[in-house]
Amino acid sequence: MAQLLAEKLIRDVPDFPKPGIMFKDIHPVLENAAALQESIDLLCEDAVEKGAEAILGIESRGFVFGAPMALQLELPFVMARKLGKLPFDRISEEYALEYGTATVEMHIDAVSPGQRIYIVDDLLATGGTAKACANMVNRLNGQVCGFGFLVELGFLAGNRKIEEYPIRSLIRYD
Ligand code: AMP
């Protein structure tokens, strides 16, 4: 398959947010409507194939891809947010980071029982965030029908943490 427009635009920023991390900056992709549209279209195709009934975006960059997907597919958009941002009754999942922990939250009424949820983020790294979101969907009795990412850092093997679910990543770095 021809190279995606987004692949040429993703910018490597070394040593951000800390030494040794190569940050994949999607800012130039967002500035290019054709590249963004192409990425959204491909992820939408996958979500349709997986029978998605709602799109879940992971804060913050998962919102940038997830919300336009939901609009395009005429599906509900639901949010997984960082700790302390959601105002209504919520559930949380804590997960390990390289150093320390992080927490994501969802509103308890964000998912209905049996609803097929397609989870979207810009990038799959170690998979901790993605797994925590899948856990919350399961606790709310929803069904994770798949994951969609613009980028997957294959060398971090995050796919192993969510191996029970189908994963579509548009660009993979090994
Ligand atoms: P993880 O839980 O390790 O899979 O981390 C995933 C989250 O961290 C995603 O929301 C990404 O936006 C962000 N992230 C992790 N590593 C990078 C990286 N090298 N470049 C850009 N974003 C990253």
Side-chain angles (χ1 to χ4, degrees), residues 3-32 35-36 38-40 42-43 46-47 52 54-70 77-86 90-107 110 117-139 144-174:
Q3 194 186 35
L4 289 189
L5 295 171
E7 187 166 359
K8 295 176 213 154
L9 294 170
I10 289 170
R11 178 163 63 188
D12 281 349
V13 182
D15 300 319
F16 183 87
K18 48 188 174 201
I21 304 286
M22 181 62 82
F23 195 86
K24 296 289 179 188
D25 182 15
I26 60 162
H27 174 181
V29 179
L30 304 184
E31 286 187 331
N32 184 311
L36 182 58
E38 182 186 49
S39 306
I40 302 265
L42 288 168
L43 290 172
D46 188 54
I55 305 294
L56 187 157
I58 304 177
E59 186 173 2
S60 304
R61 278 160 284 153
F63 294 174
V64 174
F65 293 89
M69 284 177 66
F77 176 68
V78 296
M79 300 186 287
R81 297 210 64 183
K82 291 168 186 157
L83 182 65
K85 300 285 185 186
L86 288 174
R90 58 206 168 264
I91 59 166
S92 338
E93 282 276 330
E94 192 180 76
Y95 59 97
L97 295 175
E98 203 178 346
Y99 299 103
T101 61
T103 302
V104 278
E105 297 191 318
M106 282 175 70
H107 277 154
I117 308 295
Y118 188 87
I119 303 180
V120 179
D121 204 354
D122 67 325
L123 185 141
L124 175 65
T126 65
T129 319
K131 174 72 175 165
C133 292
N135 289 347
M136 287 194 290
V137 170
N138 291 331
R139 285 169 60 196
V144 178
C145 65
F147 279 92
F149 302 97
L150 178 67
V151 177
E152 175 174 352
L153 303 182
F155 53 90
L156 293 177
N159 59 341
R160 288 200 207 131
K161 282 216 181 81
I162 48 172
E163 65 191 353
E164 61 268 56
Y165 309 106
I167 304 169
R168 172 85 164 101
S169 39
L170 302 183
I171 301 164
R172 210 185 133 93
Y173 298 98
D174 287 302

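Both counts, for ligands and for their atoms, begin at 1 and track the order of listing.
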* Asked: When you look at NZ of K8, are more than 12 heavy atoms from neighbouring residues, nucleotides or ligands closer to it than 6.0 Å?
  -> yes

Side chains of [X] and [Y]: closer than 4.5 Å at any heavy-atom pair?
X: L36; Y: F65; answer: yes
X: Y173; Y: M22; answer: no
X: V64; Y: D122; answer: no

Give the residue and atom name of whichever protein heavy atom lies nearest to [atom], and the separation in Å to one decimal.
atom: atom 23 (C) of ligand 1; result: L123 CD2, 3.5 Å
atom: atom 20 (N) of ligand 1; result: K24 N, 2.9 Å
atom: atom 13 (C) of ligand 1; result: R61 NH2, 4.2 Å

* To do: From atom 19 (N) of ligand 1, work out which of K131, M22, K161, E59 has a heavy atom at the shortest distance.
  => M22

* **Proximity winner for atom 1 (P) of ligand 1, if only heavy atoms of T126, L153, V151, I10 are counted** => T126

* Asked: Is there at least one pair of N or O atoms, one from D121 and one from ligand 1, spaced under 3.5 Å apart?
  -> yes

* **Polar contact flag for A130 and ligand 1 (N/O pairs, less than 3.5 Å)** => no

* Structure fact -> side chain to side chain contact (heavy atoms under 4.5 Å, CB included) with L123: of I171, V151, T129, I10, only one passes, and it is V151

* Asked: For atom 10 (O) of ligand 1, is some protein heavy-atom partner under 4.0 Å away?
  -> yes

* To do: Kindly write out the residues that satisfy salt bridge (charged side-chain N to carboxylate O under 4.0 Å, His left out) with E164, not counting sequence neighbours, or none if the list is empty.
  => K131

